[in-house]
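Please read all numbers here as calculations on a predicted model, not as lab measurements.
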Amino acid sequence: MNKYLFSALTASVIGLTGCMNDDDKSSVQPADESVTSLSSKQLETSLSNSWFQQGQREIVAAKETWATVTGSGDAVAQSESVQEAIADARGKAKNVILFVGDGMGLSTVTAARILEGQNLGKLGEEHQLSFERFPFAGLAKTYNVDAQVPDSAGTMTAIVSGVKTDVGVLGVDEDVIRGDCSSAAGNELITTLELAEISGKATGVVSTARITHATPAATYTKSAERNWEDISDMPAEAVQAGCKDIADQLVSFEQLLEQRYAGVDVDGIDVVMGGGRRHFLPGDSAFNSPDATSSVEGDRTDSRNLIAEWQAQYPQGVYVYDKAGFDSVDPATTSRLFGLFNESHMQYEADRGNDVAGEPSLSEMTAKAIDILDNDTDGFFLTVEAGRIDHASHAGSAYGALTDTIELAKAVQVAVDQTSAEDTLIIVTADHSHVLTMAGYPRRGNPILGKVVGIEEDQPALAADDLPYTTLGYANGRGMRDYGSETDADRTYSDPVNAGRMDLTSVDTTSPGYHQEALVPLGSETHAGEDVGIYARGPGASLLTGTNEQNMIYHVMDYAADISGAANQEVQ
């Protein structure tokens with residue numbers, strides 16, 4: 001195996017030269033010793049992991065598929081011109097943008113497609129969301145190592161590190177014991193964002209969820225517990241053992257990465273935008289933001305103001321907390337931006353107009369992030385999460401989930417418009433799905449949020465219980481709500497569970513405040529375990545076809561941008 005990690009990755013893509021032998025493993029440095037080079041030994045967690053190796057093998061298979069579909073058979077696939085085209089794809093992507101619709105299963109994509117089309121005056125079914133027009137698409141299997149139906153921590157870790165792992169852990173492999181601080185040491189994984197930092201690219205993380213929530217956090221943190229968003233969430237023994245909370249790891253990202261790999265020189269994440277201010281502020285009302293809705297906004301019990309620490313660390317950086325501050329940021333003169341727009345998660349897109357101080361939309365944040373990051377001539381890596389698709393479905397609100405999915409599609413279109421397919425790989429996927437179903441036999445063009453009306457019928461169809469029913473429903477959750485014009489899907493948590501069949505005869509099921517019926521009564525609707533879509537455009541996009549293990553997405557990003565190869569050059 002080659003001396004450096006990233007050379008090893010390159011070699012394994014081309015020929016998969018093999019796993020580490022026993023001699024390699026026996027000479028790995030103890031976790032408490034300083035790592036002085038990015039050698040394969042120090043990062044055997046990735047290189048010797050079966051999920052990582054499988055992803056590398058799948059890259060080889062995907063290259064062969066690409067060669068076949070661009071030719072007319074095996075003979076053409078072996079021709080020099082086709083093989084040269086495949087080889088030329090490596091490293092061609094200057095920029096990589098990864099969009100993650102949290103909880104955006106295939107039924108959500110289909111229903112959002114129809115809703116957006118109907119909002120535009122179409123029947124709806126023939127419509128396409130922006131990313132559905134991408135030239136390449138495939139499926140990702142989302143299970144975690146220990147779970148048939150996954151969570152966001154394990155799935156996003158797979159997407160950005162190339163290694164499948166357990167439920168509830170971030171940036172570490174399956175050998176970690178969830179909640180055991182000491183078990184993380186020696187099991188840390190390196191992510192696409194970290195490799196991009198090492199290689200000299202600009203980096204960004206954008207989310208409508210708390211920026212310390214599982215999906216965005218997986219890009220930059222190493223934690224045995226996804227819920228350790230600030231120090232108040234951690235058990236005393238974890239704090240005493242030296243484990244850092246997720247907010248602390250974000251603000252300390254530059255120092256922690258340089259400590260992990262001695263000799264590495266990075267400048268930190270350039271753009272960070274999302275919610276979650278409470279995890280960065282001390283539990284003292286004196287530190288409340290002007291738009292705080294709680295009497296004490298901050299949660300931290302260590303008296304640290306991490307926002308102030310970030311500003312001291314990056315005096316040229318810009319911190320914003322509201323729409324006015326966001327709008328005032330000039331991308332041409334701003335090299336670093338930190339935006340925290342809510343105490344907790346940002347608003348649902350449908351409810352965004354009700355925010356106290358105003359919030360930017362996901363598409364506006366995406367545009368601003370790209371405008372800042374593309375000032376770097378070396379290119380950039382950007383992760384954008386539509387986090388509230390997931391939360392709306394947990395609340396049983398298809399209206400909220402579909403509205404946020406449509407906003408994600410707008411953000412993707414922004415990225416398409418601001419970049420070139422010649423040098424930018426854009427991938428759109430989901431970490432997992434939800435138990436949202438499309439049922440009955442509604443006629444073409446029937447309102448997707450409406451009651452089922454059959455072909456050549458003009459009245460809602462009746463079920464065996466002589467009650468009408470909707471096309472969309474949830475297999476479990478809190479159940480039906482008729483909140484009228486209410487746009488905050490989380491209102492459902494203030495009322496008792498209302499699962500089972502209801503008489504919808506006089507209910508407007510297309511209103512923002514309608515929540516679908518749920519079969520199984522639960523305190524919150526759950527994730528689902530079926531495959532999710534992957535949609536890709538740009539260099540390397542052709543590798544994403546067929547049904548793939550979710551961790552392959554990392555390997556495609558690495559192949560397309562050769563981020564690992566570039567990072568290796570920086571440390572040699």
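- Each of E343, E229, E297, E359 was evaluated against R277; a single residue qualifies, E297, per the salt bridge (Lys or Arg N to Asp or Glu O under 4.0 Å) test.
- In this structure, T221 contributes its side chain and A218 its backbone to no donor-acceptor pair below 3.5 Å.
- Distance check, rounded to the nearest 0.5 Å: OG1 of T505 to CG of D466 gives 10.0 Å.
- In terms of heavy atoms, M552 sits closest to G55 at CG-O, 4.4 Å.
- Counting only heavy atoms from C-beta outward, the side chains of S46 and N49 never approach each other to under 4.5 Å.
- Judged purely by atom type and a 3.5 angstrom limit, S363 has no side-chain atom pairing as donor or acceptor with the backbone of A411.
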Inset, instruction - Let me see the working for Y535 and F134 under ring-ring contact (aromatic ring centres under 6.0 Å, His included), right down to the final yes or no. - result: CA-CA 6 Å; Y535 312 85; F134 282 7; 7.7 Å; no
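- A distance of 8.0 Å separates OG1 in T403 from CG in N119, rounded to the nearest 0.5 Å.
- Of the charged side-chain nitrogens involved, at least one lies within less than 4.0 Å of a carboxylate oxygen, so that E364 and K323 count as a salt-bridged pair.
- A cation-pi arrangement, defined by a distance under 6.0 Å to the six-membered ring centre and an angle within 45 degrees of its axis, is present between K368 and F326.
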Legend entry - Test side-chain contact (heavy atoms from CB on, under 4.5 Å) applied to I246 and D233, step by step: CA-CA 10 Å; I246 295 171; D233 302 319; over 6 Å; no
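- Of the charged side-chain nitrogens involved, at least one lies within less than 4.0 Å of a carboxylate oxygen, so that E126 and R444 count as a salt-bridged pair.
- If you look at Y348 and H391, their ring centroids are not closer than 6.0 Å.
- Using a 4.0 Å cut-off between charged nitrogen and carboxylate oxygen, R388 and D490 count as a salt-bridge pair.
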Inset, instruction - With side-chain contact (heavy atoms from CB on, under 4.5 Å) as the test, would you mind laying out the steps for L193 and V160 before giving the verdict? - result: CA-CA 8 Å; L193 183 140; V160 296; over 6 Å; no
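- With sequence neighbours left out, T424 forms a side chain to side chain donor-acceptor pair (under 3.5 Å) with N95.
- Residues I211 and M273 are not in side-chain contact: their nearest non-hydrogen atoms beyond the backbone lie 4.5 Å or more apart.
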Inset, instruction - May I have the step-by-step check of salt bridge (Lys or Arg N to Asp or Glu O under 4.0 Å) for R443 and E457, ending in yes or no? - result: CA-CA 8 Å; R443 64 188 182 187; E457 300 292 333; over 6 Å; no
Inset, instruction - Given side-chain hydrogen bond (donor to acceptor under 3.5 Å, both in side chains), test N551 with E549 step by step and report yes or no. - result: CA-CA 6 Å; N551 55 302; E549 293 292 352; over 6 Å; no
Legend entry - Verdict with supporting geometry, I553 and I427, side-chain contact (heavy atoms from CB on, under 4.5 Å): CA-CA 9 Å; I553 296 171; I427 295 176; 4.1 Å; yes
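- Annotation: side chain of D431 is in contact with side chain of T215 (closest heavy-atom distance under 4.5 Å).
- A donor-acceptor pair under 3.5 Å is formed between the side chain of E517 and the backbone N or O of M502.
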Inset, instruction - Output, in order, the C-alpha distance, side-chain angles, deciding distance and verdict of ring-ring contact (aromatic ring centres under 6.0 Å, His included) for Y554 and Y559. - result: CA-CA 9 Å; Y554 160 89; Y559 186 85; over 10 Å; no
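- Between the side chain of D322 and the backbone N or O of G358, no donor-acceptor pair lies under 3.5 Å.
- For the residue pair S232/D299, the side-chain donor-acceptor check at 3.5 Å is not satisfied.
- Using cut-offs of 30° and 60° on the angle between ring planes, the pair H527 and H394 is tilted.
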Inset, instruction - Show the numbers, then the answer: is there a side-chain contact (heavy atoms from CB on, under 4.5 Å) between N342 and D355? - result: CA-CA 9 Å; N342 206 298; D355 186 71; 3.5 Å; yes
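- A side-chain donor from one of E385 and S207 sits under 3.5 Å from a side-chain acceptor of the other.
- Remark: D151 engages R226 in a salt bridge, criterion side-chain N to carboxylate O under 4.0 Å.
- Note that the CD atom of E349 and the NZ atom of K410 stand 6.5 Å from one another [nearest 0.5 Å].
- Closest heavy-atom contact between S393 and Y474: OG-OH, 3.0 Å.
- Taking CD1 from I59 and CG from D558, the interatomic distance works out to 8.0 Å, rounded to the nearest 0.5 Å.
- Put simply, the side chain of T208 gets close to the backbone of G387: a donor and an acceptor are under 3.5 Å apart.
- Q516 places a side-chain N or O within 3.5 Å of a backbone atom of A398 that can act as its donor or acceptor partner.
- Between I426 and F99 the shortest side-chain heavy-atom distance falls below 4.5 Å.
- Between T203 and F380 the shortest side-chain heavy-atom distance does not fall below 4.5 Å.
- Side chain of Q118 to backbone of G124: no donor-acceptor contact under 3.5 angstrom is found.
- Considering every non-hydrogen atom in both E194 and T219, the closest pair reads CG-O, 4.3 Å.
- Between the side chain of S433 and the backbone N or O of G103 there is no donor-acceptor pair closer than 3.5 Å.
- When each of T429, D404, D390, L408 is tested with M104 by the rule side chain to side chain contact (heavy atoms under 4.5 Å, CB included), just one qualifies, namely L408.
- Residues Q347 and N354 bring no donor and acceptor atom of their side chains to less than 3.5 Å of each other.
- Listed by chain and number, the residues in a ring pair (Phe, Tyr, Trp, His ring centres under 6.0 Å) with H279 amount to none (sequence neighbours excluded).
- Checked by atom type, the side-chain pair H555/E58 shows no donor-acceptor distance below 3.5 Å.
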For a quick test of your reading: what N or O donor-acceptor pairs under 3.5 Å do the side chains of residues 162-174 make, sequence neighbours left out?
residue : atom : partner : partner atom : Å
K164    : NZ   : K141    : O            : 3.2
K164    : NZ   : Y143    : O            : 2.6
T165    : OG1  : V172    : O            : 2.9
T165    : OG1  : D173    : O            : 3.3
T165    : OG1  : E174    : N            : 3.2
D173    : OD1  : D175    : N            : 3.0
E174    : OE1  : W51     : NE1          : 3.2

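- Across every non-hydrogen atom of T405 and A112, the tightest pair is CG2-CB, 3.5 Å.
- Atom CG in L115 sits 8.0 Å away from atom CD1 in I448 (nearest 0.5 Å).
- Side-chain N or O atoms of T470 include one that pairs as donor or acceptor with a backbone N or O of L472 at under 3.5 Å.
- Here L106 contributes atom CG and R113 contributes atom CZ; the two are 9.0 Å apart, rounded to the nearest 0.5 Å.
- The shortest side-chain heavy-atom distance between L195 and I190 falls under the 4.5 Å cut-off.
- The closest side-chain donor-acceptor pair between D102 and H432 falls under 3.5 angstrom.
- Within a 6.0 Å radius of OH in Y441, other residues, nucleotides and ligands contribute 12 heavy atoms or fewer.
- Here the side chain of R481 pairs a donor or acceptor atom with the backbone of D495 at under 3.5 angstrom.
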